[in-house]
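Working notes, beginning with the structure itself.
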Amino acid sequence: MSGSTDATPRTGTGADLTVVVPAYNEEHRLRPTLDAICAHLRADPERWGDWELIVVDDGSTDGTAEVAAQAAADEPRVQVLMSEENRGKGHALRLGVLASYGRRVLVTDADLATPIEELDALDDLLHEDEDKHDDKHEDKHEDEHEDEHEEEYEYEYEATAAVIGSRALPDSRVEVRQRPVREWLGRLGNRVIRLVAVRGIHDTQCGFKLFDGDKARAAFAASRLDGWGIDVEILRHFRRAGWPVAEVPVRWSHQSGSKVRPADYGRVLLELLRLRTRLRPADLAVGALFLLSSVLLYKGLWADLDRAYLADSMQDQNQWEWFFGVTADNVAHLRNPLFTTYQGHPDGVNLMANTVMLGLSVPLTPVTLLLGPTVTWALVLTLGLTATAVAWYWLFVRRVTRVRPAAAVGAALAAFAPPMMSHGTAHPNFLVLFMIPVIIDRALRLCEPGAGGRRLVRDGVLLGLFATYQIFLGEEPLLLAAMGMLIFALAYALARPDVARATWRPLLRGLGVALAVCLPLVAFPLYWQFFGPQSYHSVLHGDNAGNSPLSFLEFSGRALLGDEERADTLAMNRTEQNAFYGWPLTALTFGIVVWLGRSALVKALTGTVLVAALLSLGQKIRIPFTDVVLPGPWRALAHQPLFESVIESRVAMICAPALGVLIALAAARIKDIEPRTHRAVGLVAIAAALLPILPTPQPVRERAEVPRFITDGMYRDYVAEGESVVPVPLPSPAEADALHWQSATGFGFSVPGGYFNGPWGPERMGIYGAAPRHTSNLLRDVRYGGQIPDIGPAWRAQAKLDLAFWKAGVLVLAPQDNDKALYEVVAKLLGRPGERLGGAWVWDMPRAR
């Protein structure tokens, strides 16, 4: 009989048991093995019922095929499949299992190192669990309140789907051992396998495994490995599908003439690497689509990196390019990356207390030094957004639905939602969130059945490391993610108290391990942030920083159907449009909740969305179209440590991934709806809800040129060591072009003022920018008002004090609005005219040296 590579599994109940034996050059050992198997099965016909024995000749070059054919002639229940060439154990097993009809499928090696009599112990356990599952299944149908669509990731009894022989359990008996080197390699290989593929299984490579037939055929149909790694691939498939696998101690004897060579252990590891990194074509297509979408969003920036400036970013692009540039400069010169005096001179800036994203700005130092901070800025936005979308997609495929198109749609909403796009103009720390899905997945692992012991410690350690890295990407996003996870956990506990009782202890222990790992790693950086030079204790945003209830129903200014003017009236600014999910998506969400609301997951997600949306309304909730103002629940958190610096409208960002999960669940369920017309209606409803909030490309404007006085290095003749260049007016959150002067020219000078978070007053309250001084306020008022005040001796004396404090080496007035008025004020303050040099007016300050 000729073998086929058709990967379509057979179904049916044509046999009670199928035994699959792969064989390659086994002419001397095969017949005794087949005779032993047949004799054992014939001896108890009542137990084994109808059985079949499938021999797969894997391209043997000896007489294996003839031996198998003779056995088939003697026993009609023996079948022979043949492969034209030697493809490996995995290929042979795939052929045999997919050709099987058995309700149970045993795979065993041709040398029968594990005696066939051990099948009884495996079958006893599989049969016992099937009976328990049948009883549980009957009880479940008697409960009229049980949700027939409860998700597979929710906790309920599941019968054992595979029982595998193990040589590594305490009661196992190894009667004839391998040579010490082979035995050591086997133990080492199993440890690596447990670490990277199927944790908790002690012996994956013992060639004696009994499977539920239909599940085995499904797993082998999905398999791709042809070599020895097939055992790991199949067990990993069972694990990921939620099908329980049990190990049973067996007798085992090493057989001479084994086909496993020492080099095969290395091949198995290579196959495991391929297994871990293998991506389906659909996954690659989704990733490519996310990357293309990100590039299109920022195409204007990439088209002209020298002059393009994101139009909605206010002064944040200047600030972020400066953050990337100053970090690279600190790293290149082996300076403290947590502090600098290039801004806020002479006091400096506590970089750890600002959002410099050391987790990216430090590793991207070579890019920044070679190509400039603007390239780093564009890369972080584009690739960071792509990585975030891919991470959500990975989480949704792993935890929500295996229907990849549905997971892709949900992930796109989580990553490209209007709040994310709003922050994508100015705040990459809220856009680049690829670690959040990874952290969520690791936390969920702590809640899985069997979490404990070394597995709990390992997952806790990894969670601590992931949280540490996220702290160096963005602390506030981590805080919001923790809030969202806590809200979800509480909501899920209310919906499924049985799960809460089973998981809260391992979850808390794992979190304890994570904190024990994370806190020592971040202790010094956080000490520097809260108690180091130029630290501050909070940044207050007032009691009007919450969302308007209307903002959830409107479209953002950069959505496909958005109205810039309408959106601007409902948000602090264009970088803080933190809701704007639109009324179609809101209506669809309501429909999904009604449709799937019996699911505990949907209940928990609904609670998360509602609580996050309510908290985001702030300390005062203004009822639209009325004068009614109600106290908001954020009032209880507004003045608590950490929360006091949070812009409460940002809490609505928690809704994005929760809505993404709901959309993914609905899309996956719609796929199976009949008739097709109903399916089409469902897909159209999803499209109608998402298309209006589809983000449009970020607009750009041309940025102001850097004066030649700076680019040509003329300032060096005016600034001694320890002195600063004083731009007129001083850089501030409203006007930070001078930061671009520094980042574009390699940080050859310091400036007073700036755009950062720093302390103000004796209480060290956090403010945006440096602590104001009289002269900086005067220059700012003239720049934006154009009015020239009466400059007398008092103003000149104050200017002298302020310039001395700033250690001014030179004042630089670049072309800008109201530059004539500014020139006149500075000339009066200094009592002398400026010098036109390098495209700017400059005033030398020799007395500051």
Side-chain angles (χ1 to χ4, degrees), residues 304 306-322 342-345 374 426 573-574 699-715 718-719 724-745 748-756 768-770 772-789 791 795 799 802-803 806 808-830 832-845:
D304 190 354
D306 290 332
R307 292 177 295 180
Y309 190 94
L310 293 179
D312 292 341
S313 72
M314 300 189 295
Q315 295 300 311
D316 288 67
Q317 180 171 336
N318 284 326
Q319 182 193 54
W320 277 99
E321 290 177 0
W322 188 91
Y342 280 128
Q343 262 192 96
H345 190 81
T374 303
N573 53 64
R574 291 187 179 178
V700 297
R701 62 172 174 83
E702 187 172 344
R703 74 191 318 165
E705 292 186 4
V706 181
R708 288 190 299 104
F709 180 77
I710 300 297
T711 58
D712 291 353
M714 300 178 187
Y715 66 88
Y718 295 82
V719 180
S724 68
V725 171
V726 180
V728 179
L730 274 67
S732 68
E735 184 58 61
D737 282 347
L739 303 188
H740 180 55
W741 298 0
Q742 293 177 294
S743 61
T745 57
F749 57 92
S750 297
V751 296
Y755 182 14
F756 58 92
Y768 290 96
R773 300 183 70 86
H774 292 288
T775 304
S776 61
N777 287 341
L778 170 65
L779 297 176
R780 179 202 62 202
D781 293 343
V782 174
R783 165 65 174 79
Y784 294 104
Q787 301 297 316
I788 302 175
I791 303 297
W795 270 118
D802 291 339
L803 291 169
W806 294 326
V810 64
L811 275 69
V812 182
L813 172 60
Q816 57 192 289
D817 293 341
N818 293 323
D819 51 5
K820 292 182 179 179
L822 284 169
Y823 175 88
E824 186 174 342
V825 168
V826 174
K828 289 182 177 180
L829 287 173
L830 300 181
R832 55 192 170 88
E835 177 186 6
R836 187 70 177 177
L837 185 63
W841 290 103
V842 300
W843 286 265
D844 186 16
M845 299 296 298

Report task. Would you check if the side chain of Gln317 reaches a backbone N or O of Leu310 as a donor-acceptor pair within less than 3.5 Å? Result ->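 Yes, Gln317 side chain to Leu310 backbone: donor-acceptor pair under 3.5 Å.
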
**Report entry** From CA spacing to verdict: side chain to side chain contact (heavy atoms under 4.5 Å, CB included), Asp819, Val728
**Finding:** CA-CA 9 Å; Asp819 51 5; Val728 179; over 6 Å; no

To the nearest 0.5 Å, what is the distance between [atom1] on [X] and [atom2] on [Y]?
| X | Y | atom1 | atom2 | result |
| --- | --- | --- | --- | --- |
| Gln742 | Tyr342 | CD | OH | 8.5 Å |
| Asn818 | Asp781 | CG | CG | 11.5 Å |
| Leu803 | Leu811 | CG | CG | 5.5 Å |
| Leu730 | Arg773 | CG | CZ | 10.5 Å |
| Ile791 | Lys828 | CD1 | NZ | 7.0 Å |
| His740 | Thr745 | NE2 | OG1 | 9.0 Å |

How about [X] and [Y]: do any of their side-chain heavy atoms sit closer than 4.5 Å?
| X | Y | answer |
| --- | --- | --- |
| Glu705 | Pro815 | no |
| Ser776 | Trp806 | yes |
| Val782 | Pro789 | yes |

Query - Step-by-step side chain to side chain contact (heavy atoms under 4.5 Å, CB included) determination, Arg783 to Asp817 - result: CA-CA 7 Å; Arg783 165 65 174 79; Asp817 293 341; 3.6 Å; yes

Please set out all donor-acceptor pairs under 3.5 angstrom arising from side-chain atoms of residues 833-842, sequence neighbours excluded.
{"residue": "Glu835", "atom": "OE1", "partner": "Tyr718", "partner atom": "OH", "Å": "3.4"}

Closest contact, heavy atoms only, [X] versus [Y]:
| X | Y | value |
| --- | --- | --- |
| Asp737 | Gln315 | N-OE1, 3.8 Å |
| Ser732 | Tyr755 | O-CB, 4.0 Å |
| Ala799 | Thr775 | CA-OG1, 3.3 Å |
| Ser724 | Val719 | N-CG1, 4.2 Å |
| Tyr715 | Ile710 | CE2-O, 3.6 Å |
| Ala426 | Asp316 | CB-CB, 3.4 Å |

Report task. Not counting sequence neighbours, which residues clear ring-ring contact (aromatic ring centres under 6.0 Å, His included) with Trp795? List them please. Result ->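 Partners of Trp795 by the ring-ring contact (aromatic ring centres under 6.0 Å, His included) criterion come out as none, since no residue qualifies.
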
Query raised in the report: Looking at Glu824 and Lys820, does any basic side-chain N land under 4.0 Å from a carboxylate oxygen?
Result: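 Salt bridge flag = no for Lys820 with Glu824.
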
Requested in this report: Only counting residues at least two apart or in another chain, list the ones meeting side chain to side chain contact (heavy atoms under 4.5 Å, CB included) with Asn573.
Outcome: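 If we apply the side chain to side chain contact (heavy atoms under 4.5 Å, CB included) test to Asn573, skipping adjacent residues, the hits are Met314, Thr575, Glu576.
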
**Report entry** Stepwise side chain to side chain contact (heavy atoms under 4.5 Å, CB included) check, Arg703 with Thr374
**Finding:** CA-CA 12 Å; Arg703 74 191 318 165; Thr374 303; 3.9 Å; yes

Query - Residues Asn777, His774; criterion side chain to side chain contact (heavy atoms under 4.5 Å, CB included); working and verdict - result: CA-CA 5 Å; Asn777 287 341; His774 292 288; 5.5 Å; no

Query raised in the report: Among Val726, Leu813, Val812, whose side-chain contact (heavy atoms from CB on, under 4.5 Å) with Trp843 holds?
Result: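 Only match with Trp843 under side-chain contact (heavy atoms from CB on, under 4.5 Å): Leu813.
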
